[in-house]
Amino acid sequence: MLEWMKNVRKVDPYVPGEQPNDSNMIKLNTNENPYPPSPKVINKKLELEKLRLYSDPEVTELVCALADYHGLDKSQVFVGVGSDDVLAMSFMTFFNSDKPVLFPDITYSFYDVWAKLLNIPYETKALDEDFRIVPEDYYVDNGGVVFPNPNAPTSIYMQLDKIRNILDNNRDVVVIVDEAYIDYAGESALSLIDEYDNLLVVRTFSKSRSMAGMRIGYAMGNAELIKALNCVKFSFNSYTMNSLQIVLGVESVKDDEYFKEIIDKVRNTREWFSKELTRLGFTYPESATNFVFATHKSISAKELFEAAKREHIYIRYFDKPRIDNYLRITIGTDEEMRKVVDFLESYI
Ligand code: PMP
């Protein structure tokens, strides 16, 4: 071993879904939106000569646009480079206790990666046999709580009264609700931030806003939480958001009609596709997201995943305990999902 290697940090990184270079593919493996971003985003005239200047370190325009959109004050909004960046900053800012941070055993697989990277003790709480979060498991002494709602990859939405119960039993730690998929689901925990000064709600432009490649995420909560996040951000990198992210993010927020239209389209396709899956012998929890988490009664998930890939259909398979016979299939366009159904039908 070379001497300098002794001082290199050893980490097991998060492995994102494949981004294959295949022009014929149906790509349903990373929960992207099948529709383009808003025409306002696409048609925005960019003043690229301004790239000469640093971007606004306070991200003021986008913060204000989001604050207006959600009926908040700008002191209640923090913006980052995708919700991954916002969540990583939040782990760093809020999870500094010797007690373990709690999250579900089956959940977004970045949480344990950040915890390990930042030396945060953590404990996972098992989902019940229907893959539901058990709120009571979080009523114990801890260093913080984080979970997605709806959860991923299970696609299950937890009603707000249960989130309220978790918050009532966790008044002294920060509770992060990762709402990456909330626009496809039910009521947001955002309505609780005035009541709970320790609640941080995290959102992304990657799914419902169809801007995964732009990398925009944000957090909303009490102004003190947002101030703490900004202090850590400004100790790390002042210019996390580039000028194009700021300008195009604002354009997306302006176009609520298009936003709602593409959410409806995905939800409708999801309902149709789910029924087709039932017909083909799959079972799945009722999805509140832009993906379905399905298992087949007789054919293994791994086999189906590999067979689909040979047909240029990319879906996600997790070789992990409890979920290794499930497939996570992102909802694409009607035409794409029709092709997936045709493939499944002929294979099965
Ligand atoms: N949270 C959850 C639950 C997710 O599934 C994802 C997408 N991989 C993210 C956060 C991060 O999304 P992004 O960084 O693109 O905003």
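For ligands, and for the atoms within them, numbers begin at 1 and follow the listed sequence. No hydrogens, no waters, no symmetry mates; every other heavy atom, side chains included, goes into these values.
Atom 12 (O) of ligand 1 has S83 OG, 3.2 Å as its closest protein atom, hydrogens excluded (heavy atom only). For atom 15 (O) of ligand 1, the closest non-hydrogen atom on the protein side is S206 OG, 2.6 Å. For atom 11 (C) of ligand 1, the closest non-hydrogen atom of the protein is D84 OD1, 3.1 Å. Protein heavy atom at the shortest distance from atom 8 (N) of ligand 1 is Y108 OH, 3.2 Å.
Of all the atoms in ligand 1, the ones that sit under 4.0 Å from a non-hydrogen atom of G82 are 14 (O), 16 (O). Atoms of ligand 1 lying under 4.0 Å from at least one heavy atom of A180, given by number and element, are 1 (N), 2 (C). Within ligand 1, counting atoms from 1 as listed, the ones closer than 4.0 Å to a heavy atom of R215 are 13 (P), 14 (O), 15 (O). Within the listing of ligand 1, atoms 7 (C), 8 (N) sit less than 4.0 angstrom from a heavy atom of K207.
Residue contacts with ligand 1 for D178 involve side-chain atoms from C-beta outward but no N, CA, C or O (heavy atoms, distance under 4.0 Å). Residue contacts with ligand 1 for Y181 involve side-chain atoms from C-beta outward but no N, CA, C or O (heavy atoms, distance under 4.0 Å).
Taking the six-membered ring where tryptophan is involved, the planes of F103 and Y122 are essentially parallel, since the angle between them stays under 30° and well short of 60°. Using cut-offs of 30° and 60° on the angle between ring planes, the pair F95 and F91 is perpendicular. Classification of the F131-Y326 ring pair by plane angle, with boundaries at 30° and 60°, yields perpendicular. Using a 30° and 60° split on the angle between ring planes, Y108 and Y14 fall in the perpendicular class, above 60°.
Within a 6.0 Å radius of CG in N24, other residues, nucleotides and ligands contribute more than 12 heavy atoms.
Within the 4.0 Å heavy-atom shell around ligand 1 one does not find F205.
Residue pairs meeting the salt bridge (charged side-chain N to carboxylate O under 4.0 Å, His left out) criterion with at least one partner in residues 108-117, sequence neighbours excluded, are D112-K116.
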Are K260 and D264 close enough, and set up right, to give a salt bridge (charged side-chain N to carboxylate O under 4.0 Å, His left out), and what steps lead you there?
-> CA-CA 6 Å; K260 299 214 161 103; D264 270 356; over 6 Å; no
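In this structure, L28 and E336 approach most closely via the heavy-atom pair CD2-OE1, 4.4 Å.
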